[in-house]
Asker: 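Take a look at the following structure, please.
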Amino acid sequence: MKIKNLKYIIPVTMLVFASSCKKTLDINDNPNDPVTLEASRLLPNVERNLGDCFSVGGSGARYDGTVFVGGIGEVLEVYTHRITTREEPDQYGATGNEFYINNTWSNVYLEVVSNLEVIIAESTEKGNPRYAGIGKILKAYTFSLLVDIFGDVPYSEINQLKQGVYPKFDQGKDIYPQLFTLLDEGISEVRTHENDNVTIPALDDVIYKGDTTKWIKAANTIKLKLYNQLRKVQDVSAEVSTILNSGKIISSASEDFLVPCGPNGATDDRNTGYDDYKATQRSQHISPWFYEILKGYNPNINTGIEDPRIPYYIYNQLTPNETGGTIGFQTEYRDGAFVSIYFGSVGQDRDRNQQNNISVLGIYPVGGRYDDGSGATANTNSGTGAAPYRFITYADRLYIEAELIQAGVIAGDAKAKFQAAVEESFNQVDYIIKTYVNPTQTVPTLAGTNAVQNYVDDIMANFDAASATKKMEYIITQKWISSFGSSVDAYTDYRRTGFPILFDPKNPQMAPGGFVQPPIDGNPDLPGAQKPVPVLLSLPYPASLPWDEAELTANPNAPDQKTPGTFKVFWMP
């Protein structure tokens with residue numbers, strides 16, 4: 001029998017003032033009878049915390065003077081092969097003891113869910129239904145992410161701590177239907193009372209500034225996303241058609257469901273992924289698999305088609321032909337200016353210090369620096385860090401529709417919808433940079449350029465010539481490229497569809513004989529072939545993430561730890 005230990009008690013007054021995710025809390029801490037704050041005081045913290053908890057985490061825990069900052073996106077970006085790292089997520093090694101899992105689990109429940117419950121209850125009691133409606137939409141979205149990542153999670157008993165009840169873990173299949181009910185209630189409350197004389201959210205709503213029309217569209221788009229995720233286990237055609245026919249869904253970049261960040265001010269509220277710019281030991285490497293698909297190097301997808309987003313997505317600290325003392329160490333993977341390490345590497349150069357050589361996340365998605373080819377060393381002033389964390393964008397919505405059409409769930413022109421999604425992905429980069437990032441350098445516009453038009457034309461030509469299965473691969477792969485920096489849905493999409501194809505060290509085509517070859521002449525400091533790199537994979541792909549071990553220890557009603565490779569989320573085929 002597993003022995004449980006009870007955790008210490010943390011007053012809720014510590015929670016409501018927080019602006020980001022904290023460390024070493026667990027959801028079983030009883031807040032007793034807190035002094036509650038007005039919904040207008042709680043809402044901005046809840047919204048920002050929600051973004052931080054699912055974001056890319058940067059180089060370990062960052063303490064901003066008040067709280068620890070870091071999100072589970074640090075793990076999921078590795079699991080979706082857009083980032084590589086030396087830490088536990090490499091080779092799918094997360095066990096539930098990692099900071100990013102512990103931090104996200106405890107703070108989603110304590111910082112987000114507990115305060116959403118206060119917002120909903122207090123706003124309902126005081127006759128402020130708009131706040132209650134927003135609270136229900138956010139609660140439904142939060143739990144949808146928890147189910148999508150972990151499968152089974154505490155839900156039905158989360159409000160019974162004061163009665164001495166430690167929450168059981170509810171099955172994901174039982175939670176999902178209740179989320180649609182919450183979303184419908186939220187829509188009704190923000191819509192029904194649009195003209196009533198009630199307290200109206202404004203600047204305290206950092207997502208939509210109290211715009212109820214946008215909240216309704218966001219809620220319906222969340223529903224569309226969830227129904228799409230259910231399509232392999234139930235018929236969702238009627239529900240999807242109803243949502244799309246309503247027209248009340250996200251229909252432009254200005255309606256994107258996202259949380260703004262930074263720039264740095266009185267408190268450091270920059271995008272958490274920007275932390276690597278100021279870290280003394282950078283830990284986030286752009287995955288060579290992701291990079292090679294962007295470059296058109298992959299022989300099976302987008303071959304020969306270079307993505308114009310590369311200098312927006314990736315900032316290189318070297319120039320393409322740079323040699324000598326600024327490098328100083330053998331690199332594992334280099335392609336001109338680009339430097340990284342492989343997923344699953346056990347090579348001798350994997351752990352070498354590449355602090356001022358590795359390529360880092362760019363102006364998009366974390367508000368870093370646009371790569372203008374200067375090769376300047378990244379530092380805290382290289383960018384603003386003010387890129388928002390994206391929950392669901394207009395581009396995401398278009399990709400979802402293209403998938404639904406291609407899968408035969410609804411009627412329509414899959415190619416036209418797919419092309420619209422790809423084009424919107426480029427518009428999205430421009431919109432985020434101009435609206436939120438406020439860059440300190442001149443950044444060229446993407447949309448409308450010949451490079452973008454040629455890219456779209458080439459992708460569509462490949463789509464035309466593809467089989468039905470390959471068409472789906474193109475759709476999901478482009479969605480994966482577009483959502484860089486926002487990883488929950490990419491993780492979900494892969495487990496649902498098997499796309500995009502991810503790097504597998506055990507695949508003899510990808511790593512023949514257990515070795516993978518960097519670009520032959522990629523390192524001008526060492527002319528000739530770069531060394532083949534040995535790679536290993538000892539664990540299967542995680543069908544869900546392990547639960548927070550601190551929760552399993554503290555909660556006597558928690559299950560034993562799962563085996564991530566076999567514990568499927570209920571919507572998985």
Side-chain angles (χ1 to χ4, degrees), residues 51 54-58 71 73-74 76-77 80 82-83 252-254 256-263 270-277 284-287 290-291 293-295 306-317 337-338 340 358-374 376 378 382-396 398-399 421-449 451-452 455-456 477-490:
F54 291 97
S55 66
V56 182
E74 178 78 358
L76 298 183
E77 284 290 343
T80 54
R82 297 183 296 202
I83 287 177
S252 69
S254 64
D256 286 349
F257 183 35
L258 51 75
V259 179
C261 297
R270 289 175 287 192
N271 188 297
T272 59
Y274 188 74
D275 286 359
D276 256 17
Y277 276 78
Q284 295 180 138
H285 298 68
I286 309 295
S287 166
F290 184 55
Y291 168 78
I293 289 176
L294 295 178
K295 289 289 287 185
E306 184 165 339
D307 198 311
R309 289 168 286 195
I310 291 173
Y312 301 79
Y313 280 17
I314 302 169
Y315 179 69
N316 298 310
Q317 298 188 87
F338 180 78
S340 190
I358 65 168
S359 300
V360 296
L361 279 70
I363 192 168
Y364 187 96
V366 302
R369 186 171 177 82
Y370 169 77
D371 190 5
D372 56 7
S374 65
S382 295
T384 66
Y389 179 77
R390 293 161 286 132
F391 293 134
I392 307 176
T393 66
Y394 178 39
D396 294 333
L398 293 171
Y399 283 116
V422 175
E423 291 171 347
E424 177 57 27
S425 295
F426 288 96
N427 295 331
Q428 178 176 290
V429 174
D430 291 335
Y431 180 80
I432 293 293
I433 292 171
K434 292 175 182 177
T435 307
Y436 295 98
V437 176
N438 191 23
T440 56
Q441 64 181 134
T442 300
V443 180
T445 298
L446 267 172
T449 62
V452 169
Y455 179 86
V456 174
T477 299
Q478 282 295 322
K479 186 182 179 189
W480 171 73
I481 293 171
S482 174
S483 66
F484 183 40
S486 180
S487 55
V488 178
D489 290 352

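Just so you know, these numbers use all the heavy atoms, side chains as well, and skip hydrogens, waters and symmetry mates. In what follows, residues are counted from 1 in the order of the sequence shown.
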Asker: Between Thr80 and Ser487, is there a side-chain donor-acceptor contact under 3.5 Å, judged purely by atom types and distance?
Answerer: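 No, because no side-chain N or O of Ser487 sits under 3.5 Å from a partner of the opposite role on Thr80.
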Asker: Under the side-chain contact (heavy atoms from CB on, under 4.5 Å) rule, what do Asp307 and Ile481 come out as? Steps first, then yes or no, please.
Answerer: CA-CA 10 Å; Asp307 198 311; Ile481 293 171; 3.8 Å; yes
Asker: Please determine, by modelled atom types, if Tyr389 and Asn271 share a side-chain donor-acceptor pair under 3.5 angstrom.
Answerer: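 Their side chains do not contain a donor-acceptor pair, so the 3.5 Å distance test is not met.
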Asker: Is the ring pair Phe290/Phe484 parallel, tilted or perpendicular, if the boundaries are 30 and 60 degrees?
Answerer: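 If you compare the ring of Phe290 with that of Phe484, the planes turn out tilted.
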Asker: Restricting to non-hydrogen atoms, name the atom on Val56 and the atom on Ile83 that form the minimum distance, rounded to 0.1 Å.
Answerer: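 Where Val56 meets Ile83 most closely, the heavy atoms are CG1-CD1, 4.1 Å.
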Asker: Can you give me the closest heavy-atom contact between Arg82 and Ser486, atom names plus distance?
Answerer: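 Nearest heavy atoms, Arg82 then Ser486: NH2-O, 3.5 Å.
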Asker: Got a donor-acceptor contact below 3.5 angstrom from the Gln317 side chain to the Ala378 backbone?
Answerer: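 Confirmed, Gln317 side chain pairs with Ala378 backbone.
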Asker: Going by atom type alone, with no hydrogens or angles, which donor-acceptor pairs under 3.5 Å involve a side-chain atom of residues 441-449 and a protein atom two or more places apart or on another chain?
Answerer:
| from | atom 1 | to | atom 2 | distance (Å) |
| --- | --- | --- | --- | --- |
| Gln441 | OE1 | Tyr370 | N | 2.7 |
| Gln441 | NE2 | Tyr370 | O | 3.3 |
| Thr445 | OG1 | Lys434 | NZ | 3.2 |
| Thr449 | OG1 | Leu446 | O | 2.8 |
| Thr449 | OG1 | Val452 | N | 3.3 |

Asker: Do you know which two heavy atoms are closest between Thr384 and Asn438, and how far apart they sit?
Answerer: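 Nearest heavy atoms, Thr384 then Asn438: CG2-O, 3.2 Å.
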Asker: Would you say Pro311 and Asp372 make side-chain contact, with heavy atoms under 4.5 Å?
Answerer: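 When only atoms from C-beta onward are counted, Asp372 and Pro311 do not touch, as no gap falls below 4.5 Å.
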Asker: Do Ile314 and Leu361 make a side-chain contact, defined as non-hydrogen atoms from C-beta onward lying under 4.5 Å apart?
Answerer: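 A side-chain contact is absent here, since even the closest heavy-atom pair is not under 4.5 Å.
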Asker: Is any side-chain heavy atom of Tyr399 closer than 4.5 Å to one of Val422?
Answerer: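 Yes - at least one pair of side-chain heavy atoms lies under 4.5 Å apart.
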Asker: Could you state the interatomic distance from CZ (Phe391) to CG (Leu258), rounded to the nearest 0.5 Å?
Answerer: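 The distance works out to 8.5 Å.
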Asker: How long is the gap from OH on Tyr277 to OG on Ser382, to the nearest 0.5 Å?
Answerer: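 Interatomic distance, Tyr277 OH to Ser382 OG, rounded to 0.5 Å: 6.5 Å.
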Asker: Can a cation-pi geometry be assigned to Arg309 and Phe426, taking NZ or CZ under 6.0 Å from the six-membered ring centre and within 45° of the ring axis?
Answerer: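 The answer is yes; both the distance and angle limits are met.
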Asker: Ignoring hydrogens and angles, tell me if any N or O in the side chain of Tyr315 forms a donor-acceptor pair with the backbone of Ala376 under 3.5 Å.
Answerer: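 Confirmed, Tyr315 side chain pairs with Ala376 backbone.
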Asker: Which pair of heavy atoms, one from Ser483 and one from Ala490, lies closest together, and at what distance?
Answerer: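 Where Ser483 meets Ala490 most closely, the heavy atoms are OG-CB, 4.1 Å.
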Asker: Quick one: CZ on Arg390 to OG on Ser55, what's the gap to the nearest 0.5 Å?
Answerer: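 The OG atom of Ser55 is 11.5 Å from CZ of Arg390, to the nearest 0.5 Å.
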Asker: Side-chain donor-acceptor pair under 3.5 Å between Tyr364 and Gln428, yes or no?
Answerer: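 Side-chain D/A pair, Tyr364 to Gln428: present.
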Asker: Once you round to the nearest 0.5 Å, how far does CD1 of Ile293 lie from OG of Ser287?
Answerer: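 The CD1 atom of Ile293 sits 8.0 Å away from the OG atom of Ser287.
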Asker: Please enumerate all residues that pass ring-ring contact (aromatic ring centres under 6.0 Å, His included) together with Tyr431, with sequence neighbours excluded.
Answerer: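 In terms of ring-ring contact (aromatic ring centres under 6.0 Å, His included), with neighbours along the sequence ignored, Tyr431 is linked to no residue.
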Asker: Does a side-chain heavy-atom distance below 4.5 Å link Ile432 with Pro388?
Answerer: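 A side-chain contact exists here, since the closest heavy-atom pair is under 4.5 Å.
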Asker: Could you pull out the closest heavy-atom pair between Ser340 and His285, with the gap in Å?
Answerer: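 Closest heavy-atom pair between Ser340 and His285: OG-CB, 3.3 Å.
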Asker: Quick one: pull up CZ in Arg369 and OH in Tyr274 and give me the separation to the nearest 0.5 Å.
Answerer: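 Rounded to the nearest 0.5 Å, the CZ-OH separation comes to 9.5 Å.
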Asker: How far apart are the closest heavy atoms of Ala387 and Gly367, and which atoms are they?
Answerer: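 In this case the closest contact between Ala387 and Gly367 is CB-N, 3.2 Å.
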Asker: CG/Leu398 to OG/Ser482 distance, rounded to the nearest 0.5 angstrom?
Answerer: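 Leu398 CG to Ser482 OG: 10.0 Å, rounded to 0.5 Å.
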Asker: Do Asp396 and Thr393 have side-chain N/O donor and acceptor atoms under 3.5 Å apart?
Answerer: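 A pair is found: one side chain offers a donor N or O, the other an acceptor, under 3.5 Å apart.
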